[in-house]
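Source: prediction; values computed, not measured. Because only heavy atoms are used, hydrogens play no part in the values below, and waters and symmetry mates are left out as well, while side chains stay in.
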Amino acid sequence: MKQIIYLDNAATTKTRPEVVDAMLPYFTEFYGNPSSVYDFSAEPKKAIAVARETIAGALGAKANEIYFTNGGTESDNWALIATAEAYQAKGNHIITTKIEHHAIIHTCEYLESRGFEVTYLDVDEFGVVKLDDLKKAIRPETILISVMFANNEIGTIQPIKEIGAIAKEHGILFHTDAVQAFGHVPINVDECHIDMLSSSAHKLNGPRGVGFLYIRTGVKAKAFIHGGAQERKRRGGTENTPGIVGFGKAVEIAMATMKERTEKERALRDHLIERVMKEVPFVRLNGHPSKRLSNNANFAFQFIEGESLLIMLDMDGICGSSGSACTSGSLDPSHVLLAIGLPHEIAHGSLRLTLNEEITMEQIDFTVESIKKIVERLRSMSPLYEDYMKRQAVAHA
Ligand SMILES: *Cc1c(COP(=O)(O)O)cnc(C)c1O
């Protein structure tokens, strides 16, 4: 079998074998419905309580502030829609940013169609929210600020503590999409004044299909999924016991290994960035040079299409991702790359590589060699590149 170099950990991660092992008994042995009264349900009920405690502990939250969902998208939808409904008597204005995940952006657009007003904050060239812009955007009718903890494309980490302090000072609820950050950077909901936080297990080596929304005690957001009395009547539906148990295990491991793991990722990533920036001409690094996720590298290569680069990397067994979303049915470059000021043609030549700690230096070097070879080949076929080089030659003659 061809060697696979998986560099798309922002899209999803491998479920750890220890996580799978922890989950298995809850399919075949302890499969009782946690809401039932008989003793057979005591074990799944207990396992969910343990996972909830573990997750709450990792955030500095209380167990009864953690609500399990089916993932990050549901948590984001819930946080925004339920808050909008619960607080509409106070106001109809929401503040978010131009670089949020579509789970936030498209939910905001939905809320706009229901009469809410949304301010989408600009970011600077590194993808960081400007605190002055945030302060200026606040109105008497602002009910919610939603700013992601770390960006899924360019890896930029926001000044969440400062944003939380501004929200608190103005008595506005603060939600953060921490899907890329939880388990990767330390988070304390009290220190950062976070009222709601979204997370998803499959972005931290847990299973796909399970997430949670942290809702601070006192926040009025009601149920989003209506049904039974599960999750303290706030999220109906039979609990995904194996998923929740797996999530708990993944969080336990992620917290215990965070320092060592992220240091290892950072060393690999810095080596990757250093080599690409040094050895490939006409390239830029997207995102913040230091305030970024330890596993994220995002480049823009001039004169080439990110899609072509991806397809050719795939032939070498390398899995990456591109900021031009042709594969997802749109010709527009990523809204995140446009928000940091990249012109369309440069945004189209972008490549996101997101690492994990299992990647080796040899694999990084192999990837760099592959990128160099492909970029050269694609540029040799590019009329734009040819034209540019000709003009350069004339200018220097
Ligand atoms: C992946 C992701 C989501 C969506 O999470 P799912 O569990 O896949 O629904 C939301 N926000 C960010 C920042 C993400 O990276």
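Heavy atoms of other residues, nucleotides or ligands lying less than 6.0 angstrom from CD of Glu376 number 12 at most. Under a cut-off of 6.0 angstrom, the local environment of NZ in Lys222 is sparse, with at most 12 non-hydrogen atoms contributed by other residues, nucleotides or ligands. In Gln392, the CD atom is crowded: over 12 heavy atoms of neighbouring residues, nucleotides or ligands sit closer than 6.0 Å. In Lys45, the NZ atom is crowded: over 12 heavy atoms of neighbouring residues, nucleotides or ligands sit closer than 6.0 Å. Annotation for Arg377: atom CZ does not count as buried by contact number, only 12 or fewer foreign heavy atoms lying within 6.0 Å. Residue Lys233 places its NZ atom among 12 or fewer non-hydrogen atoms of other residues, nucleotides or ligands, all under 6.0 Å distant. Taking a 6.0 Å sphere around OH of Tyr31, one finds it holds 12 or fewer heavy atoms contributed by other residues, nucleotides or ligands.
Between the side chain of Thr13 and the main chain of Asn9, no donor-acceptor pair closer than 3.5 Å is present. Judged by distance alone, with hydrogens and angles left aside, the side-chain atoms of His193 form no donor-acceptor pair with the main-chain N or O of Val189 at under 3.5 Å.
Salt-bridge formation is not detected for the pair Arg266/Glu263: no Lys NZ or Arg NE/NH1/NH2 atom is positioned less than 4.0 Å from an Asp or Glu carboxylate oxygen.
Among the candidates Trp78, Tyr67, Phe247, the single residue satisfying the ring-ring contact (aromatic ring centres under 6.0 Å, His included) test with Phe212 is Phe247. The salt bridge (charged side-chain N to carboxylate O under 4.0 Å, His left out) with Glu357 is formed by just one residue from the set Lys259, Arg16, Lys14; it is Arg16. For the side-chain hydrogen bond (donor to acceptor under 3.5 Å, both in side chains) criterion with Ser198, the lone passing option out of His175, Glu74, His101 is His175.
Taking the six-membered ring for Trp and the full ring otherwise, Phe282 and Phe301 have centroids separated by 6.0 Å or more.
Asp316 and Ser370 form a side-chain donor-acceptor contact under 3.5 Å, judged by distance and modelled atom types alone. If you check the side chains of Gln302 and Glu345, you find no donor sitting under 3.5 Å from an acceptor. One side chain, Ser75 or Thr69, offers a donor N or O that lies under 3.5 Å from an acceptor on the other.
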